[in-house]
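Quantities reported herein were computed from a predicted structural model and do not represent experimental measurements. Whatever order the structure lists ligands and atoms in, that order sets their numbers, starting from 1.
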Amino acid sequence: MKTCSNMAEVRTEIDRVDRLIVPLLLERLGYIEQAGHIKGSRDTVRDEWRIEDVVSKVKACGAEEGGNQQYLEDIYRHLIEWSIAHEFTVWDEEHRQD
Ligand SMILES: O=C(O)C(=O)C[C@]1(C(=O)O)C=C[C@@H](O)C=C1
């Protein structure tokens with residue numbers, strides 16, 4: 001990480017990091033959409049075991065990086081809830097009967 005000496009530099013770095021994060025978030029969302037198409041039963045869209053599996057892996061990764069695990073857990077729980085809502089929308093569209 002670069003050490004900055006003013007807010008302009010800090011914001012330049014934040015903007016640079018965001019440009020790295022956004023494509024990865026959109027790639028993840030693409031896999032969520034595939035899950036919505038692949039899952040056979042609506043009951044499997046929300047998978048409590050898998051939610052905890054993802055959160056624990058992310059926290060382990062955060063620990064390896066020496067970062068704030070609570071920050072990562074909070075972000076990921078929000079991200080997964082958004083993903084589940086989106087996955088339901090995709091699943092319902094896939095199985096719409098009309
Ligand atoms: O692993 C899955 O089954 C997914 O659909 C992905 C995901 C996630 O966002 O990580 C989303 C919904 C599930 O409840 C669990 C995890």
Side-chain angles (χ1 to χ4, degrees):
M1 193 197 317
K2 180 178 166 182
T3 301
C4 302
S5 48
N6 57 56
M7 274 311 296
E9 276 180 39
V10 168
R11 287 178 175 167
T12 296
E13 294 310 309
I14 289 172
D15 291 347
R16 179 184 62 76
V17 170
D18 287 342
R19 289 191 68 82
L20 296 172
I21 292 171
V22 166
L24 295 174
L25 285 172
L26 293 176
E27 182 180 359
R28 191 182 201 283
L29 186 59
Y31 290 116
I32 295 299
E33 288 171 359
Q34 289 192 44
H37 289 294
I38 288 169
K39 288 187 183 179
S41 160
R42 200 174 192 277
D43 292 347
T44 61
V45 169
R46 171 180 286 277
D47 182 331
E48 298 296 342
W49 175 85
R50 177 62 178 155
I51 293 168
E52 297 313 313
D53 180 49
V54 171
V55 170
S56 68
K57 285 171 177 164
V58 163
K59 287 174 75 178
C61 181
E64 278 173 29
E65 297 288 328
N68 186 323
Q69 292 180 60
Q70 191 62 55
Y71 168 69
L72 294 168
E73 177 168 359
D74 289 354
I75 289 169
Y76 263 77
R77 290 201 186 277
H78 280 288
L79 179 63
I80 293 170
E81 285 308 316
W82 203 98
S83 299
I84 290 168
H86 189 62
E87 208 174 297
F88 271 125
T89 304
V90 172
W91 194 96
D92 288 344
E93 182 64 26
E94 176 87 15
H95 296 86
R96 199 162 49 119
Q97 291 176 351
D98 57 17

Quick one: nearest non-hydrogen protein atom to [atom], plus distance?
| atom | answer |
| --- | --- |
| atom 6 (C) of ligand 1 | Ile32 CD1, 3.7 Å |
| atom 11 (C) of ligand 1 | Glu87 OE1, 3.7 Å |
| atom 13 (C) of ligand 1 | Val45 O, 3.3 Å |
| atom 16 (C) of ligand 1 | Arg50 CG, 3.7 Å |
| atom 10 (O) of ligand 1 | Arg28 NH2, 2.8 Å |
| atom 3 (O) of ligand 1 | Lys39 NZ, 2.8 Å |

*Would Glu87 and Arg42 satisfy salt bridge (Lys or Arg N to Asp or Glu O under 4.0 Å), going step by step from the backbone distance to the final call?*
CA-CA 10 Å; Glu87 208 174 297; Arg42 200 174 192 277; over 6 Å; no
Suppose I only count heavy atoms of [X] and a 4.0 Å limit; which atoms of ligand 1 are within that range?
| X | value |
| --- | --- |
| Ser83 | 9 (O) |
| Val54 | 10 (O) |
| Ile84 | 12 (C), 14 (O) |
| Arg46 | 14 (O) |

*In the single-linkage hydrophobic clustering (I, L, V, M, F, W, Y; side-chain heavy atoms under 4.5 Å), do Leu72 and Ile80 co-cluster?*
yes
*Is it possible for you to say whether Ile75 and Ile32 belong to one hydrophobic cluster, with membership spreading through side-chain heavy-atom contacts below 4.5 Å?*
no
*Mind checking the CG-CG spacing from Leu24 to Leu20? Nearest 0.5 Å is all I need.*
7.5 Å
*Step by step, would you call Glu9 with Ser5 a side chain to side chain donor-acceptor pair (under 3.5 Å)?*
CA-CA 7 Å; Glu9 276 180 39; Ser5 48; 3.3 Å; yes
*Could you check His86 against Trp82 for ring-ring contact (aromatic ring centres under 6.0 Å, His included), going step by step and ending with a plain yes or no?*
CA-CA 6 Å; His86 189 62; Trp82 203 98; 5.4 Å; yes
*Run through Lys59, Arg77, Lys57 and flag the one making a salt bridge (charged side-chain N to carboxylate O under 4.0 Å, His left out) with Glu52.*
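Exactly one option meets the salt bridge (charged side-chain N to carboxylate O under 4.0 Å, His left out) with Glu52, and it is Arg77.
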